[in-house]
Amino acid sequence: MNVIKEETNQALVPFAASIRRDVLKMLLHRGYGHVGGSLSIVELLAVLYGKQLNYRADEPEWEDRDYLVLSKGHSGPGVYSALANSGFFPKDWLYTLNDGGTNLPSHLDRNKTPGVDATTGSLGQGTSIATGIAAGLARKGGDQYVYLIVGDGELNEGQCWEAFQYLAHAKLANCIVCIDENKGQNDGKSEEIVTHFDLQAKMEAFGFFTQKVNGRDVEAIDEAITTAKKQKAQANCIVLDTIKGQGVPFFETFAGNHSVKFNGPEVIEATEKAIRLLEKEANK
């Protein structure tokens, strides 16, 4: 069972700070990594692992668990931090990110990391994996959910829309699609590369019950997930209005924050300062 499920949503704020802090500590130690997209899903991960996701950290393969599929696999450090802070494995593992023989490779690998349900990395493929899991769970019966996390830049991949079409056609309400609309991707601003237009309207047109929320607000995210779980007539989507590098002002405005090298004094100093501030917030 998740660690703070029975407490109020106020506990989710310091939990998010712990996840964000350890993302920065992990990447600073590694010397490089995907900062922007990892930080923009922190509040979502805090709500999932802190309250909404049904799991047993000491039994990662528990048959009745909910599933999480991180289709935007480059944001793996965010999930690793959430898993470590939820008790799936020791926090010391975080400092082995990308090492030879590590249990924490650059992209998620279900054969290496406790708590990882799907191997991802090639953008778009996670949408099909999550759709298959949801279809299987629906046939099995019960009350299990699949949480699919995709990025707005990732939605340039046609495979995403093929998967969404099936989710909507089959009315698989047990798959909650969470779109991280952080407005950026590897090569720059999403709107300058391929405009994705109004994602809420697009998902509604596809047949989804769609909500758009402030992706920096744990209360709003929690309420949206609760609302999604109550409706069974349509596939579910939550569009999260986020910021790449979210929660760390330096990285929110840092050019090229998709993947950062921690090799300059300005970057290192700003990261260390953010870690100190997040440490205080995590301990409130």
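Here, residue 1 is the first one in the sequence, and each next residue gets the next number. Quick note: numbers below take in every heavy atom, side chains included, and nothing from hydrogens, waters or symmetry partners.
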Steps toward ring pair (Phe, Tyr, Trp, His ring centres under 6.0 Å) verdict (His107, His74): CA-CA 6 Å; His107 295 93; His74 49 268; 7.1 Å; no

Can you check side chain to side chain contact (heavy atoms under 4.5 Å, CB included) on Leu167 and Phe208, steps first, answer last? CA-CA 8 Å; Leu167 283 171; Phe208 279 74; 3.8 Å; yes

Output, in order, the C-alpha distance, side-chain angles, deciding distance and verdict of side chain to side chain contact (heavy atoms under 4.5 Å, CB included) for Val248 and Arg20. CA-CA 9 Å; Val248 181; Arg20 182 168 279 114; 4.0 Å; yes

Residue pair Lys72, Asp180: steps toward the salt bridge (Lys or Arg N to Asp or Glu O under 4.0 Å) verdict: CA-CA 9 Å; Lys72 45 174 281 179; Asp180 175 29; 2.5 Å; yes

Give the C-alpha distance, both sets of side-chain angles, the deciding distance and a yes or no for side chain to side chain contact (heavy atoms under 4.5 Å, CB included) between Phe254 and Val267. CA-CA 9 Å; Phe254 186 76; Val267 175; 4.0 Å; yes

Check against side chain to side chain contact (heavy atoms under 4.5 Å, CB included), Leu199 and His196: CA-CA 7 Å; Leu199 289 176; His196 54 241; 3.7 Å; yes

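More than 12 heavy atoms of other shown residues, nucleotides or ligands fall within 6.0 angstrom of atom NZ in Lys232. The number of heavy atoms from other shown groups lying within 6.0 Å of CD (Glu223) does not exceed 12. Atom CD of Gln231 sits in a crowded spot, with more than 12 heavy atoms from other residues, nucleotides or ligands closer than 6.0 Å. Within 6.0 Å of CD in Glu63 there are 12 or fewer heavy atoms belonging to other residues, nucleotides or ligands.
Within the 3.5 Å criterion, the main-chain N or O of Lys229 finds a donor-acceptor partner in the side chain of Tyr145. Judged purely by atom type and a 3.5 angstrom limit, Asn98 uses its side chain to pair as donor or acceptor with the backbone of Ser106. Ser40 places no side-chain N or O within donor-acceptor distance of the main-chain N or O of Gln246, the cut-off being under 3.5 Å. Distance alone, capped at 3.5 Å, is enough to place a donor-acceptor pair between the Thr102 side chain and the Leu104 backbone. In this structure a side-chain-to-backbone donor-acceptor pair under 3.5 Å is present from Asp152 to Lys183. Looking at Gln211, its side chain does come within 3.5 Å of a backbone N or O of Ala224 through a donor-acceptor pair. When atom types are taken as modelled, the side chain of Thr96 and the backbone of Asp92 share no donor-acceptor pair closer than 3.5 angstrom. A donor-acceptor pair under 3.5 Å is formed between the side chain of Gln144 and the backbone N or O of Arg65. Not one N or O on the side chain of Asp117 forms a donor-acceptor pair closer than 3.5 Å with the backbone of Tyr67. Checking side-chain atoms of Asn85 against main-chain N and O of Ser81 turns up a donor-acceptor pair under 3.5 Å.
Ion pairing of Lys91 with Asp22 is present here, as a side-chain N (NZ or NE/NH1/NH2) and a carboxylate O approach within less than 4.0 Å. Using a 4.0 Å cut-off between charged side-chain N and carboxylate O, Lys212 and Asp241 make no salt bridge. Here Arg21 pairs with Glu279 in a salt bridge; the nearest charged N to carboxylate O distance falls below 4.0 Å. Using a cut-off of 4.0 Å between Lys/Arg side-chain N and Asp/Glu carboxylate O, Asp99 and Arg30 are scored as salt-bridged.
For the pair Val13 and Glu281, the minimum side-chain heavy-atom distance is below 4.5 Å. Proximity of Thr113 to Phe88: side-chain heavy atoms (C-beta onward) are nowhere separated by under 4.5 Å. Considering only heavy atoms from C-beta on, Leu240 comes within 4.5 Å of Cys178 through its side chain. In this structure the side chain of Leu155 reaches within 4.5 angstrom of the side chain of Ile179, judged on heavy atoms. Residues Ile238 and Thr210 are not in side-chain contact: their nearest non-hydrogen atoms beyond the backbone lie 4.5 Å or more apart.
Minimum interatomic distance between Glu154 and Cys160 (heavy atoms only, all atoms of both residues): O-SG, 3.6 Å. Considering every non-hydrogen atom in both His34 and Leu27, the closest pair reads O-CD1, 3.8 Å. Shown here for Leu97 and Pro105, the closest heavy-atom pair between the two residues is CD1-O, 4.1 Å. In plain terms, the two heavy atoms of Gly37 and Asn182 that are nearest each other are CA-ND2, 4.1 Å. In this structure, Ser71 and Leu148 approach most closely via the heavy-atom pair CB-CD1, 3.8 Å. For Asp58 against Pro60, the heavy-atom pair with the smallest separation is C-CD, 3.7 Å.
Separating the NZ atom in Lys202 from the CZ atom in Phe206 is a distance of 8.0 Å, to the nearest 0.5 Å. Atom CD1 of Ile41 sits about 10.5 Å away from atom NZ of Lys244, to the nearest 0.5 Å. One distance of note links CG of Asn103 with CG of Asp109; it measures 9.5 Å at 0.5 Å rounding. Interatomic distance, CZ of Phe15 versus CD of Glu43, reported as 11.5 Å (0.5 Å rounding). The line from CZ of Arg276 to NZ of Lys280 is 8.5 Å long, rounded to the nearest 0.5 Å. Between the CG atom of Asn54 and the CG atom of Leu48 there is a distance of 12.0 Å, given to the nearest 0.5 Å.
There is no path of hydrophobic side-chain contacts, each under 4.5 Å, that joins Tyr147 to Val239. By the rule that hydrophobic residues join a cluster once side-chain heavy atoms approach within less than 4.5 Å of another member, Leu45 and Val146 end up as members of separate clusters. Both Ile176 and Leu12 belong to a single network of hydrophobic side chains, linked directly or stepwise wherever heavy atoms of I, L, V, M, F, W or Y lie under 4.5 Å apart. Put simply, Val23 and Tyr95 are part of two different groups of oily side chains (I, L, V, M, F, W, Y) that touch within less than 4.5 Å, one to the next. Note on Leu278: it clusters hydrophobically with Phe262, by side-chain heavy-atom contacts below 4.5 Å among ILVMFWY residues.
Here the two rings, on Tyr55 and Tyr49, have centers that are under 6.0 Å apart. Between Tyr80 and Trp93, the distance separating the two ring centers is not shorter than 6.0 angstrom.
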Per-pair distances, 0.1 Å, donor-acceptor, side chain in residues 118-138, under 3.5 Å, sequence neighbours excluded:
unit_1	atom_1	unit_2	atom_2	d
Thr119	OG1	Arg110	N	3.0
Thr120	OG1	Leu70	O	2.7
Thr127	OG1	Gly124	O	2.5
Ser128	OG	Gln159	NE2	2.9
Thr131	OG1	Thr127	O	2.8

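Of the residues Asp217, Val42, Ile221, Leu53, the one that meets the side chain to side chain contact (heavy atoms under 4.5 Å, CB included) test with Val47 is Ile221.
Asn9 and Asp222 share a donor-acceptor pair across their side chains, judged by distance under 3.5 Å alone.
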